[in-house]
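Notes follow the structure.
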Amino acid sequence: MQKFSKLLCNTLKEVPNDAVIPSHQLMLRSGLVQKSGSGLYNLLPLGLRVIQKVENIIREELNKVGCQEINMSVVTPSELWKESFRWDELGDLMLKFTDRSGRESCVSPTNEEAVVDLFRKQVNSYKSLPLTLYQINTKFRDEIRPRFGLMRCREFVMKDAYSFHENKLCLDKTYDQIHSAYESIFKKMGLDFMVVEADAGAMGGSDSKTHEFQVIANSGEDEVVISKEANYAANIEKAMTQRQPLDFDESLDNLTEVSTPNQKTMEELSVFLNKPLHHLLKSLIYISVKGEKRDLVQVVLLGDDNLNEIKLKNHLSVDEIYPATDSELEKSGLVKGFIGPKGTPIKCFVDKSVSATSAYVVGANKQGCHFLNFIPDRDGKMSPVDLRLAKEGDLVNGATVSIKRGIEVGHIFQLGDKYTKLMSATILNSEGKSVAPLMGCYGIGVGRTAAAAIEQSHDEKGIIWPKAIAPYHISIIIAAKNNPEINQLAEDIATECEALGLECIIDDRDVGIGFKFNDYELIGFPSAIVLGKKWINDKEIEVKMRRSGETLTLTRDTISDRLLELIK
RNA sequence: CGGGGUGUGGCGCAGUCCGGUUAGCGCACCUGUUUUGGGUACAGGGGGUCGGAAGUUCGAAUCUUCUCACCCCGACCA
């Protein structure tokens with residue numbers, strides 16, 4: 001039986017100054033974790049219990065759909081990564097080192113290569129497929145900027161699963177199974193989450209299915225575009241929405257230069273010319289990088305739209321893009337604040353929401369000047385592409401969308417045969433032909449999920465754990481000093497509750513009652529039993545419920561059964 | 001990497017501008033008494049070479065130079 005007096009758990013009254021979001025602050029204050037370095041955390045006993053519960057829920061649900069658990073070495077040799085070219089592609093994200101014999105290795109940031117290597121050494125026949133392997137293991141990504149405690153660490157625990165298939169149909173089936181297993185996992189943990197369409201990003205193929213599991217929370221680092229009516233949900237990186245209908249300027253007047261001294265922003269210009277923002281066009285200059293090659297790219301958007309950089313990057317299929325710096329603009333003879341699509345030699349893309357036949361105000365590529373009545377079809381040479389960043393109020397299938405912040409706790413991908421091909425992993429299919437199997441990969445951030453649960457479930461007093469991942473279910477608070485009867489009662493009730501699967505911790509610390517109450521609320525056990533006056537005087541037992549804050553009076557003979565009903 | 005900021009006991013801070021006793025306060029910790037239904041009160045106590053190095057000075061937490069670490073805003077992502 002766990003006694004609080006023996007538990008390594010020092011709660012903090014004050015907020016450590018480097019924690020800025022609730023989950024991070026509360027994890028530190030309630031003695032769940034301890035920081036050991038930038039993006040590095042030690043799990044203390046209570047924190048570890050939470051993490052283990054998350055892990056076990058994941059295990060249970062994945063095992064149900066036939067996934068097999070394995071454990072791969074955390075350190076992986078460079079050779080594997082070189083086969084997929086990711087040794088260089090992932091670059092500094094990987095923590096690389098050389099051991100005493102001069103072998104290069106890294107601490108795995110993900111395990112596609114390792115699992116393909118395992119697979120190719122173990123599996124030769126289509127008869128073994130489909131096969132889904134997973135592990136719950138430590139990963140290391142040398143994040144550019146670790147932050148928010150367990151939300152974005154460098155070293156973290158991730159559940160990563162990999163599936164292998166003979167054909168797309170089979171991959172789709174497993175993908176859907178994992179999709180629903182993920183829904184069960186996050187539902188079990190009591191999280192309010194959404195499944196959204198995602199961009200495949202750096203980790204996967206480009207035109208395969210991929211979804212993210214986003215926990216809706218204000219501190220989320222992602223933006224999610226949602227429309228319930230249209231049954232639409234997508235990461236903003238991917239979201240393709242339309243603008244509300246616009247009144248275009250249909251004038252056919254000739255292109256006219258107009259003096260616009262010092263009107264450098266869209267807003268200033270809009271006021272100066274007395275035209276709505278969407279009658280102006282915004283020109284952005286980006287540098288695209290592919291290998292050693294650097295190119296200038298011009299992007300033209302409606303004056304009140306913003307660029308979705310991911311869309312541009314995907315459209316160009318380049319390694320990286322970034323806004324041109326002032327000196328790069330100068331070098332190209334462009335005038336910051338007055339850039340426009342008229343007569344520039346730069347490759348130019350225009351967002352689809354710009355009407356090709358309507359008149360716009362554009363920069364004249366000349367200090368202090370703009371053009372009026374620029375009509376794209378007539379006056380420019382631009383290819384229309386969907387490039388704009390979705391925004392609140394846009395339309396999808398006629399329904400308006402809203403934008404919420406989300407924490408990406410899970411991501412599922414269809415990888416196709418990218419890795420099996422690169423690493424020559426083949427199987428014999430039913431026709432006796434050697435083929436590269438298709439793969440899916442599926443991740444869940446374990447620590448991040450625990451953090452997300454706190455983001456979503458806390459109040460000014462502390463954490464409010466959902467039952468499924470609470471470190472203990474009940475804190476039995478001893479509110480009487482040196483009272484053998486009460487002490488015994490606490491032990492008896494604890495034993496009884498544990499028999500029903502309710503985990504108890506007995507708060508037998510030699511501190512004031514207020515201290516115990518505050519810690520119970522801070523750590524956020526779902527309920528507390530208070531043994532003190534009420535028992536001594538009336539033989540009644542007081543029970544507090546953390547989420548509702550209500551206080552109940554129960555009797556000794558029904559207490560454990562009642563608690564089993566009450567703690568949900 | 002670019003921009004901003006902070007380093008003083010486990011945590012939160014004052015002191016730094018304007019150098020000068022033995023570096024201070026709150027929380028936490030230890031001892032004793034007290035209190036015991038919402039962080040009780042009192043008394044005593046332990047713990048810091050002021051991130052590090054070099055320099056200026058009779059004298060440096062304080063000034064100078066260099067360095068390291070950490071945090072916040074952006075690019076990365078489970």
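Proteins come first, then strands; the chains are lettered A, B, ... in the order of their sequence lines, and each starts at number 1.
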Once you round it to whole Å, what is the distance between P of B:A78 and CG of A:L90?
-> 11 Å
Which nucleotide sits closest to the side chain of A:H411: B:C77, B:G37, B:A78?
-> B:A78
At under 4.0 Å between heavy atoms, what does A:E309 touch on the DNA or RNA strands: base, sugar-phosphate, or nothing?
-> nothing
Going by atom types alone, do A:D160 and A:Y162 pair a side-chain donor with an acceptor below 3.5 Å?
-> yes
Please determine, for the side chain of A:I513, which listed nucleotide (B:G38, B:A78, B:C73) has the closest atom?
-> B:G38
Taken to the nearest whole Å, CD1/A:I144 to P/B:C73 is 14 Å
Going by distance alone, is a donor N or O of one side chain under 3.5 Å from an acceptor N or O of the other, for A:Q214 and A:D222?
-> yes
Are more than 12 heavy atoms from other residues, nucleotides or ligands located less than 6.0 Å from atom CG of A:N537?
-> yes
Paired to B:G24 by Watson-Crick or G-U wobble criteria (both distances under 3.5 Å) is B:C13
For A:G443 and for A:V530, find the nucleotide of RNA chain B with the closest heavy atom, then tell me which residue's nucleotide is more 5'.
-> A:V530
Reckon A:R509 has a side-chain N or O less than 4.0 Å from the OP1 or OP2 of B:A28?
-> no
Tell which nucleotide pairs with B:G7, taking only Watson-Crick or G-U wobble pairs whose two distances are both under 3.5 angstrom.
-> B:C68
Take A:W535 and A:P146, find for each the nucleotide of RNA chain B with the closest heavy atom, and name the residue whose nucleotide sits nearer the 5' end.
-> A:W535
Examine the base of B:C76 for any acceptor or donor lying under 3.5 Å from a partner atom in the side chain of A:R152, and report the outcome as yes or no.
-> yes
Nearest of B:A78, B:U36, B:C73 to any side-chain atom of A:K481?
-> B:U36
Rounded off to whole Å, could you give me the CG-to-C1' distance for the A:D142 and B:A75 pair?
-> 15 Å
Could you tell me whether A:K533 and A:D538 make a salt bridge, using a distance below 4.0 angstrom between a side-chain N and a carboxylate O?
-> no
B:A61 versus B:G7 - spacing of their P atoms, nearest Å | 16 Å
Is any N or O donor-acceptor pair between the side chain of A:K544 and the base of B:G38 shorter than 3.5 Å?
-> yes
Counting side-chain heavy atoms from C-beta on, which of B:A75, B:C27, B:G37 comes nearest to A:K13?
-> B:C27
Would you say the side chain of A:N10 and the base of B:C29 hold a donor-acceptor pair, judged only by whether the two atoms sit under 3.5 Å apart?
-> no
Which whole-number value in Å describes the distance from A:K313 NZ to B:A75 P?
-> 12 Å
Reckon A:S38 has a side-chain N or O less than 4.0 Å from the OP1 or OP2 of B:C71?
-> yes
N or O in side chain of A:R145 less than 4.0 angstrom from B:C77 OP1/OP2 | no
Name the orientation class of the two ring planes belonging to A:H211 and A:Y175 (parallel below 30°, tilted from 30 to 60°, perpendicular beyond 60°).
-> tilted
Using the C1' atom as the reference point in each nucleotide, state the distance between B:U62 and B:G20 in Å, no decimals.
-> 11 Å
CG of A:D222 versus P of B:G74: gap in Å, rounded?
-> 13 Å
Identify whether the distance between the nearest side-chain nitrogen and carboxylate oxygen of A:E491 and A:K3 falls below 4.0 Å.
-> yes
Return the nucleotide paired to B:A41: Watson-Crick means purine N1 to pyrimidine N3 with N6-O4 or O6-N4, wobble means G-U with N1-O2 and O6-N3, both under 3.5 Å.
-> B:U33
Just checking A:D160: base, sugar-phosphate only, or nothing, at a heavy-atom cut-off of under 4.0 Å?
-> nothing
Rounded off to whole Å, could you give me the CD-to-C1' distance for the A:E112 and B:C77 pair?
-> 13 Å
Residue A:E408, side-chain atoms from C-beta onward, closest of B:C76, B:C77, B:C71 | B:C77
Can you check whether A:F413 and A:H411 have ring centres sitting under 6.0 Å from each other?
-> yes
Considering Watson-Crick and G-U wobble pairs with both distances under 3.5 Å, what does B:C1 pair with?
-> B:G74
Determine, for A:W465 and A:K53, whether the Lys NZ or Arg CZ falls below 6.0 Å from the six-membered ring centre while staying within 45 degrees of the axis.
-> no
Taking salt bridge (charged side-chain N to carboxylate O under 4.0 Å, His left out) as the test, write out the residues that go with A:D510, two or more places apart.
-> A:K481
Ignoring hydrogens and angles, does a donor from either the side chain of A:R448 or the base of B:C77 sit under 3.5 Å from an acceptor on the other?
-> yes
Checking all strands, does A:E521 fall into the base, sugar-phosphate, or nothing category for heavy-atom contacts under 4.0 angstrom?
-> base
To the nearest angstrom, the OH-C1' distance between A:Y41 and B:C71 comes to 10 Å
With sugar-phosphate meaning primed atoms plus P, OP1 and OP2, does A:K516 contact a base, only sugar-phosphate, or nothing at under 4.0 Å between heavy atoms?
-> nothing
Please tell me which of the listed nucleotides, B:A78, B:C73, B:C76, lies nearest to the side chain of A:L93?
-> B:C76
Phosphate-side-chain proximity, A:R141 and B:C76, N/O vs OP1/OP2 below 4.0 Å = no
Classify every nucleotide of nucleotides 3-13 of chain B by which part a protein heavy atom approaches to under 4.0 Å, writing B for the base, S for the sugar-phosphate alone and - for neither, in 5'-to-3' order.
-> --------BSS
Any stacking of A:F156 on B:A78, going by centres under 5.5 angstrom and planes within less than 30 degrees?
-> yes
Determine, for A:K544 against A:E550, whether the closest basic-nitrogen to carboxylate-oxygen distance falls under 4.0 angstrom.
-> no
